[in-house]
**Q** 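Below you will find the structure I want to go over with you.
Values below: all heavy atoms of this structure, side chains included; hydrogens, waters and symmetry mates excluded.
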Amino acid sequence: EAGVAQSPRYKIIEKRQSVAFWCNPISGHATLYWYQQILGQGPKLLIQFQNNGVVDDSQLPKDRFSAERLKGVDSTLKIQPAKLEDSAVYLCASSLALTGYGYTFGSGTRLTVV
Amino acid sequence: GDSVTQMEGPVTLSEEAFLTINCTYTATGYPSLFWYVQYPGEGLQLLLKATKADDKGSNKGFEATYRKETTSFHLEKGSVQVSDSAVYFCALSARIEDTGRRALTFGSGTRLQVQP
């Protein structure tokens, strides 16, 4: 079974620039999550999708972050404009349903904002 | 809100030593509890889980018991190996009544370094 695919693996941008991350979940997984993991901290949930609908985006900084999951499969997370404090690893995860079990995480995208 | 507190690291042990990493939680209702591991350069992997009080999760020689009375889920291993060197995250998944969702809340992680 293929895992959760994320790209790019690394990204370096200047502050105030924009950036986008892509995630392809495991085939058949209806639930998709984006997490932000700042160095030395645990992952923090940014947004959760069930198929192509948003279940929870309460911790997403909506003034600069946006995410979409068209057709209920792939997902894109965008930051515009980026700030220095956005430097982190952005993790995508998927699961079969809204059970919280069976999470599979991608390897993440490491973003550095300079 | 929900939260997970882990002991700070790094934890440095010699090979074959006994390991305990403490984890306590705060949550409404009856959460499920998890330990995840992140090896250097790799993604998060589920190590073990427990879904109700007094359950014991186990995998690869690691164990953790869901203690509702002390709201704890401490990770233990009787004899660690160099290959166990990694960052360990305690996490919970709590039901939210309005949406019925379960999303993971993580602790800050504990780095384990095992020396030969």
**Q** Evaluate the side-chain proximity of A:Y103 to B:F34: yes if any heavy-atom separation is below 4.5 Å, no if none is.
**A** no

**Q** Is there a path from B:Y88 to A:L39 through hydrophobic residues (I, L, V, M, F, W, Y) whose side chains come within less than 4.5 Å of each other?
**A** no

**Q** Measure distances from B:Q38 to the heavy atoms of chain A and classify the residue's part below 4.5 Å as side chain, backbone, both or neither.
**A** side chain

**Q** Determine whether the aromatic ring centres of residues A:Y35 and B:F106 are separated by less than 6.0 angstrom.
**A** yes

**Q** Give me the other members of the hydrophobic cluster that A:V73 sits in, counting Ile, Leu, Val, Met, Phe, Trp and Tyr linked by side-chain heavy atoms under 4.5 Å, directly or via other members.
**A** none

**Q** So A:P43 and B:F89, do their side chains get closer than 4.5 Å, heavy atoms only?
**A** yes

**Q** What are the two closest heavy atoms between A:R9 and B:G41, and how far apart are they?
**A** NH2-O, 3.5 Å

**Q** Determine, using the 4.5 Å side-chain heavy-atom cutoff (strictly less than), whether A:V19 and A:L84 are members of one ILVMFWY cluster.
**A** yes

**Q** Using the rule that Ile, Leu, Val, Met, Phe, Trp and Tyr join whenever any side-chain heavy atoms are under 4.5 Å apart, tell me whether A:I38 and B:Y36 fall into a single cluster.
**A** no

**Q** Checking B:D55 now: which residues fulfil salt bridge (Lys or Arg N to Asp or Glu O under 4.0 Å) with it, not counting sequence neighbours?
**A** B:K52

**Q** So which part of B:L46 gets closer than 4.5 Å to some heavy atom of chain A, the side chain, the backbone, both or neither?
**A** neither

**Q** Quick one, B:L104 and A:Y33 - any side-chain contact, counting heavy atoms below 4.5 Å?
**A** no

**Q** Hey, quick one: are A:V54 and A:F21 part of the same hydrophobic cluster, counting side-chain heavy atoms closer than 4.5 Å, chains of contacts allowed?
**A** yes

